Amino acid sequence: QVQLVESGGGLVQAGDSLRLSCAVSGRTSSIYTMGWFRQAPGKEREFVAAITWRGGTTSHADSVKGRFTISRDNAKNTLYLQMNNLKPEDTAVYYCAADSVHLLSATSANYDYWGQGTQVTASS
């Protein structure tokens, strides 16, 4: 089992920055990939970014490339999402997730474990 707890969300102005964190505990040795997803009201959950837990290879959705950066600190068992130049359309609940099978999957169904989510609101 893997437990995930997100933090760092909040209300900001468009153009501001936020850094989300995800504390990872449990069987971390079973993790292949960690990902960030988001879900806005009335919309489906969408892929934001992913990183291989051991090697650190990353993948970002086109909508956030150049603005968001995923990273991890294995010594602290923590996943991060640095979000710069936030836009109103980035407003959503952000979830971290762990995948014990696939590398850099962008498909939410492939992820086995999920955090409870943290709200990010960027106002115009």
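Since this is a predicted model, take the numbers as computed values, not measurements. Numbers for residues simply follow the sequence, beginning at 1. Just so it is clear, the values below take in all heavy atoms, side chains as well, and ignore hydrogens, waters and symmetry mates.
Interatomic distance, OG of Ser29 versus CZ of Arg54, reported as 7.0 Å (0.5 Å rounding). The distance from atom CZ of Arg45 to atom OG1 of Thr107, rounded to the nearest 0.5 Å, is 13.5 Å. Note that CZ of Arg72 is 10.0 Å distant from OG1 of Thr58, once rounded to the nearest 0.5 Å.
Applying the side-chain hydrogen bond (donor to acceptor under 3.5 Å, both in side chains) test to Lys87 and every residue at least two apart in sequence or in another chain returns nothing. The side-chain hydrogen bond (donor to acceptor under 3.5 Å, both in side chains) check on Ser105 picks up Asn110, with sequence neighbours excluded. Listed by chain and number, the residues in a side-chain hydrogen bond (donor to acceptor under 3.5 Å, both in side chains) with Asn84 are Ser17, Gln82 (sequence neighbours excluded). Considering only residues two or more places apart in sequence or on other chains, Glu89 meets the side-chain hydrogen bond (donor to acceptor under 3.5 Å, both in side chains) condition with none of them. For Lys76, there are no salt bridge (Lys or Arg N to Asp or Glu O under 4.0 Å) partners two or more places apart in sequence or in a different chain.
Of the possible polar contacts, one joining the Thr52 side chain to the Thr57 backbone as a donor-acceptor pair under 3.5 Å is found.
Residue pairs meeting the salt bridge (charged side-chain N to carboxylate O under 4.0 Å, His left out) criterion with at least one partner in residues 29-43, sequence neighbours excluded, are Arg38-Glu46, Arg38-Asp90. Within the structure, disulfide (SG to SG under 2.5 Å) contacts touching residues 14-72 (residues at least two apart or in different chains) are Cys22-Cys96. Under the side-chain hydrogen bond (donor to acceptor under 3.5 Å, both in side chains) criterion, the residue pairs touching residues 18-28 are Gln3-Ser25, with sequence neighbours excluded. Residue pairs that meet the salt bridge (charged side-chain N to carboxylate O under 4.0 Å, His left out) test with at least one member in residues 115-124, sequence neighbours left out, do not exist here.
Using a 4.5 Å cut-off between side-chain heavy atoms of Ile, Leu, Val, Met, Phe, Trp and Tyr, Leu104 forms no hydrophobic cluster with any other residue. When hydrophobic side chains of Ile, Leu, Val, Met, Phe, Trp and Tyr are connected at separations under 4.5 Å, Val93 ends up clustered with Phe37, Phe47, Tyr95, Tyr111, Trp114. Residues Val2, Leu4, Val12, Leu18, Leu20, Val24, Ile31, Met34, Trp36, Val48, Ile51, Trp53, Val64, Phe68, Ile70, Leu79, Leu81, Met83, Tyr94, Tyr113, Val120 make up the rest of the hydrophobic cluster containing Leu86, defined by ILVMFWY side-chain heavy atoms closer than 4.5 Å, directly or through other members.
In terms of heavy-atom proximity, Ala49 sits nearest to His60 at CB-CD2, 3.7 Å. Nearest approach of Thr118 to Gly9, heavy atoms of both residues: OG1-N, 3.2 Å. Closest approach of His102 to Tyr32, counting heavy atoms only: O-CB, 3.4 Å. Scanning all heavy atoms of the two residues, the minimum distance from Ala92 to Ala40 falls at CB-N, 3.8 Å.
Atom CD of Glu44 is surrounded by 12 or fewer heavy atoms from other residues, nucleotides or ligands within 6.0 Å.
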